[in-house]
Amino acid sequence: MFRRRLSPCCSFVVAAALGVASAATLPACQTEQKIAPVVAAAPPPPPPPPPPPKLDAIPRLEFNRRAAERALPLFWIKDDNKDGALDPAELAPLWGRPAFAAVDDKGAFTADFRAIYETLKAPQSIEGLAPDEKARREAVLAELAQGRPTLVATTLTTAEDKAVVKHVLAAASLVEALHGQQNGVGALAAQIPADDTASRWLFFRNQGPFCEAPKTEKDASCSALPSKPTKVSGIYPASIQTDPKFCEVLEKRKDEKTLLSPFVVVRHKAGGKAEGKAATDDLEAVPYNVVWADEMKAISAELKVAAGAITDPTEAAFKAYLQAAAQAFVDNDWFKADLAWKAMTAANSKWYLRIGPDEVYFEPCSRKAGFHVSFARINQESLAWQKKLDPVKKDMEGALAVLAGAPYKARDVGFQLPDFIDIVVNAGDSRPALGATIGQSLPNWGPVAKSGGRTVAMTNLYTDDDSTAAWLEQVGSVYCKATMDQVDPDPKHGTLSTVLHEAAHNLGPAHEYKVKGKTDDQVFGGPLASTLEELKAQTAALYFAEWLVDKSLLTRAEADKAHLRDVAWAFGHIAQGMKNAEGKPKPYSQLAAIQMGFLNDKGALVWKEADKAANGADVGCFDVDLAKWKPAVDELGKIVLGIKGRGDKALAERIRDRFVEDKGAGAAWAKLRGTIQERWLRAPKASFVYSVVER
């Protein structure tokens with residue numbers, strides 16, 4: 001059969017007739033032209049999924065408050081783009097709690113976090129609980145509400161810094177647990193109900209189940225535990241603490257110096273006849289490193305690893321201190337560690353670290369050293385203040401000696417002026433539930449203390465916008481307009497007083513000074529001695545601001561702004577109340593009440609009952625008469641330094657009772673203190689949380 005061969009053109013015609021391709025798609029007819037295959041057009045891509053919904057249902061401050069109530073270790077730093085929504089880059093993880101993955105490796109919120117965010121939209125429910133349990137949880141929420149979570153953030157960039165800081169932070173967590181043993185709360189956290197996240201956060205924030213905020217510290221319902229335990233110090237046998245005056249009993253014993261030395265625990269002798277009984281017979285002093293051997297060895301190990309991670313030769317002093325502190329946690333020889341600590345200065349290390357037992361305010365007798373960590377970076381701005389004050393520090397000692405009078409005589413002082421530090425983490429006894437230490441002079445005992453210790457001022461606390469806004473609101477409720485118009489919220493004016501306060505701890509009749517062979521603890525008793533030492537330091541700070549003006553080292557305007565900041569600082573401490581729930585004095589609150597009450601008596605701090613406060617709402621306010629400031633402070637300085645120099649316990653008790661008690665001659669001032677407290681506590685106090693991130 002004959003088959004005719006079609007030309008390409010004929011093929012196209014046939015194809016078109018069959019509907020395979022349209023004429024518009026066919027090429028011009030060419031002899032022997034080959035046909036390219038025809039591919040059908042791809043379907044359009046599906047539309048992109050809608051973006052996840054914005055997390056804009058909860059304002060930033062409220063988010064941070066509710067996150068704390070849920071024990072969520074996260075903090076909304078700042079609304080950088082001003083869109084009212086939480087973005088992944090605006091969220092910081094917090095140190096000290098189990099980690100929570102809120103952001104994935106692509107920089108997006110995880111599904112788990114989004115689910116938790118939904119639960120944060122509504123306040124925490126406590127309905128359906130038994131009446132007692134409901135009252136307890138309501139009190140816990142009220143306790144937490146008196147603190148405003150306030151972030152201290154640090155970013156690490158170098159491999160060495162990351163390695164070192166990792167182990168210092170691990171040691172800090174162990175120190176917190178050790179301090180819990182000192183406070184007698186080490187085993188209590190396991191009793192928190194599983195669904196009670198607010199109590200879990202309270203226990204972490206307060207380092208124990210007990211409420212500490214002014215409005216709830218004496219509320220019998222307020223506790224992180226349904227069992228509502230009473231405070232029992234881990235420093236002394238529980239049996240002797242049933243006597244509210246057990247500290248005085250110990251102070252009168254012949255072996256008082258041994259039992260109440262700072263680095264030992266008081267225990268009944270094993271098998272002694274008084275063991276388990278409310279008696280003080282058969283007591284002995286047991287060194288910290290014996291009582292808590294395992295805990296202290298674990299801290300030592302972390303510090304050794306941190307030291308081993310340092311290869312930078314410029315950090316040799318920091319490395320030496322880490323090694324010395326590691327050894328002290330094993331042998332309890334803190335004085336040797338002090339030498340390495342003081343040798344680490346702002347000139348030879350970018351880091352500041354103090355780890356070990358130091359301050360005594362935490363325990364009922366105010367004699368034992370509490371374990372703590374203050375870890376920071378050096379802020380080089382301190383060098384300017386050191387250059388200004390270093391040439392006159394001997395003159396400063398002489399000035400306080402004149403105020404103190406006989407028998408005190410000026411000493412050769414060898415202390416370093418304050419270093420400015422930017423805190424990375426505070427832990428243990430350095431991490432209070434509310435507020436923070438803004439200056440410190442250490443050590444309190446030993447050769448380094450006698451020769452002049454090391455002083456620091458914490459310069460990155462209370463510098464955030466939230467803290468400034470709250471402070472202005474508080475000050476505006478108590479100051480009259482004329483005084484408020486002179487207020488400058490710049491934190492540097494508060495830093496001046498911190499520098500002078502901490503320097504003054506090393507000047508005049510300090511902690512190691514003896515009158516007739518007795519230290520201040522032995523003359524006044526631990527709690528009153530603590531209050532007097534802080535009163536001395538802060539009164540000296542007020543005095544030295546004027547003294548520096550006379551020396552042309554400070555301008556009149558700078559001094560006046562510092563004075564107004566000092567009054568506001570004192571009001572903040574007055575607002576915290578004079579005593580804690582157990583009746584123990586609060587040293588800073590009592591010194592503030594004494595100072596401001598004295599200035600009120602002398603007309604330097606004037607209450608104007610009929611005038612409106614600067615906020616335009618509150619009636620009754622304070623004006624500061626700066627013309628009367630210097631003579632009033634000079635007089636107060638002579639009284640306070642004289643009390644310390646002579647060991648005048650009777651006068652110390654009279655001036656304390658005059659301005660701290662709420663009866664007799666102190667009744668009118670106590671009423672004004674109540675007004676200060678009511679207005680100041682309208683704003684929550686900063687409750688510092690810490691974040692350390694790597695970049």
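Throughout, residue positions are numbered sequentially from 1 according to the sequence presented.
With hydrogens and angles ignored, the 3.5 Å screen pairs a side-chain donor or acceptor of Arg200 with a backbone N or O of Ala194. Without hydrogens or angle criteria, Glu138 side chain to Glu133 main chain gives no donor-acceptor distance under 3.5 Å. Checked by atom type and distance alone, the side chain of Arg60 pairs as donor or acceptor with a backbone atom of Ile77 at under 3.5 Å. Between the Arg148 side chain and the Asn64 main chain, no donor and acceptor come within less than 3.5 Å of each other. Side-chain atoms of Thr216 never come within 3.5 Å of backbone atoms of Glu212 as a donor-acceptor pair (strictly under, hydrogens ignored). Not a single donor-acceptor pair under 3.5 Å links the side chain of Gln440 to the backbone N or O of Val456. A donor-acceptor contact shorter than 3.5 Å is absent between the side chain of Asp466 and the backbone of Ala469. Of the possible polar contacts, none joining the Ser223 side chain to the Phe210 backbone as a donor-acceptor pair under 3.5 Å is found. Distance alone, capped at 3.5 Å, places no donor-acceptor pair between the Gln241 side chain and the Val232 backbone. For the pair Ser589 (side chain) and Ile574 (backbone), a donor-acceptor distance under 3.5 Å is absent.
For Arg658, the salt bridge (charged side-chain N to carboxylate O under 4.0 Å, His left out) partners are Asp601, not counting sequence neighbours. Residues that satisfy the ring pair (Phe, Tyr, Trp, His ring centres under 6.0 Å) test with His372, not counting sequence neighbours, are absent from this structure.
Shown here is Lys228, whose NZ atom has more than 12 heavy atoms of other residues, nucleotides or ligands within 6.0 Å. By the 6.0 Å contact criterion, NZ on Lys231 is enclosed, its count of non-hydrogen atoms from other residues, nucleotides or ligands being greater than 12. Other residues, nucleotides and ligands contribute over 12 non-hydrogen atoms within 6.0 Å of the CG atom of Asp104.
When Lys218, Arg205, Lys685 are each tested for a salt bridge (charged side-chain N to carboxylate O under 4.0 Å, His left out) with Glu143, only one passes: Arg205. Remark: of the listed residues Ile299, Leu174, Val175, Val175 is the sole one forming a side chain to side chain contact (heavy atoms under 4.5 Å, CB included) with Phe371.
Within the 4.5 Å cutoff, side-chain heavy atoms of Leu461 are placed close to those of Val152. Between Pro262 and Asn444, the closest side-chain pair of non-hydrogen atoms is not below 4.5 Å. Here the side chains of Arg70 and Trp201 are not in contact, with every heavy-atom distance at 4.5 Å or above. The closest side-chain heavy-atom distance from Pro237 to Leu283 is below 4.5 Å. Using a 4.5 Å cut-off on side-chain heavy atoms (C-beta onward), Phe100 and Asp112 make contact. Between Phe113 and Leu91, the closest side-chain pair of non-hydrogen atoms falls below 4.5 Å. Contact check for Leu86 versus Phe63: side-chain heavy atoms found under the 4.5 Å cut-off. Using a 4.5 Å cut-off on side-chain heavy atoms (C-beta onward), Val373 and Arg354 make no contact.
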Worksheet item: Should Glu217 and Cys222 be marked as a side chain to side chain contact (heavy atoms under 4.5 Å, CB included) after you check the CA-CA gap, both sets of side-chain angles, and the distance that decides it?
Response: CA-CA 7 Å; Glu217 65 178 338; Cys222 197; over 6 Å; no
Fill in: Derivation of the salt bridge (charged side-chain N to carboxylate O under 4.0 Å, His left out) call for Asp358 and Lys368
CA-CA 8 Å; Asp358 278 305; Lys368 306 296 184 177; over 6 Å; no
Worksheet item: What's the verdict on ring-ring contact (aromatic ring centres under 6.0 Å, His included) for Phe571 and Phe622, showing C-alpha distance, side-chain angles and the deciding distance?
Response: CA-CA 11 Å; Phe571 285 171; Phe622 286 100; 5.2 Å; yes
Discussion item. Please determine whether side chain to side chain contact (heavy atoms under 4.5 Å, CB included) holds for the pair Trp669 and Met596, giving the CA-CA distance in whole Å, both sets of side-chain angles, and the decisive distance to 0.1 Å.
Written reply: CA-CA 9 Å; Trp669 173 235; Met596 295 303 107; 3.6 Å; yes
Practice prompt. Quick one: do Thr459 and Asp422 satisfy side chain to side chain contact (heavy atoms under 4.5 Å, CB included)? Show the steps, please.
Written response: CA-CA 6 Å; Thr459 49; Asp422 292 335; 2.9 Å; yes
Discussion item. Assess the residue pair Leu591 and Gln538 against the criterion (side chain to side chain contact (heavy atoms under 4.5 Å, CB included)); give the C-alpha distance rounded to whole Å, side-chain angles, the decisive distance to 0.1 Å, and a yes or no.
Written reply: CA-CA 8 Å; Leu591 84 84; Gln538 185 60 15; 3.7 Å; yes
Discussion item. Does Glu127 form a salt bridge (charged side-chain N to carboxylate O under 4.0 Å, His left out) with Lys134? I'd like the steps, not just the answer.
Written reply: CA-CA 7 Å; Glu127 297 303 319; Lys134 182 179 179 181; 3.4 Å; yes
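Here NZ of Lys297 is found 14.5 Å from CZ of Phe329. Values are rounded to the nearest 0.5 Å. Interatomic distance, CH2 of Trp680 versus NE2 of His573, reported as 10.0 Å (0.5 Å rounding). Residue Ile235 holds its CD1 atom at 10.5 Å from CD of Gln181, rounded to the nearest 0.5 Å. Atom OG1 of Thr531 is separated from atom CE of Met578 by 10.0 Å, given to the nearest 0.5 angstrom. Note: Thr150 OG1 to Tyr690 OH = 10.0 Å, rounded to the nearest 0.5 Å.
Contact record, Pro149 with Phe75: O-CE1, 3.3 Å, taken as the closest heavy-atom pair. Of all heavy-atom pairs spanning Gly84 and Asp79, the tightest one is N-OD2, 2.7 Å. Of all heavy-atom pairs spanning Gly96 and Phe204, the tightest one is O-CE1, 3.5 Å. Closest non-hydrogen pair, Val360 versus Ser530, comes out as CG2-OG, 3.9 Å. Minimum heavy-atom separation, Phe109 to Asp87: CZ-C, 3.4 Å. Here the closest non-hydrogen pair linking Pro93 and Ser691 is O-OG, 2.6 Å.
With no hydrogens or angles considered, no side-chain donor-acceptor pair links Glu363 and Asn183 at under 3.5 Å. Side chain to side chain, Ser366 and Lys584 meet the donor-acceptor criterion of an N or O pair below 3.5 Å. Glu534 and Tyr361 are linked by a side-chain donor-acceptor pair at a separation below 3.5 angstrom, with hydrogens and angles left out of the test. Using a 3.5 Å distance cut-off with no hydrogens or angles, the side chains of Ser374 and Asn426 do pair a donor with an acceptor. Between the side chains of His179 and Glu176, no donor N or O sits under 3.5 Å from an acceptor N or O. A side-chain donor from one of Asp464 and Ser467 sits under 3.5 Å from a side-chain acceptor of the other. For the 3.5 Å distance criterion, the side chains of Gln124 and Thr197 qualify, holding a donor opposite an acceptor. Counting only N and O atoms by type, the side chains of Arg66 and Thr119 include no donor and acceptor under 3.5 Å apart. Between the side chains of Gln576 and Tyr588, not a single donor N or O lies within less than 3.5 Å of an accepting N or O. Looking at Arg136 and Ser199, their side chains do bring a donor and an acceptor atom within 3.5 Å of each other.
Both tests do not hold together for Arg431 against Phe688: distance to the six-membered ring centre under 6.0 Å, angle to the ring axis within 45°.
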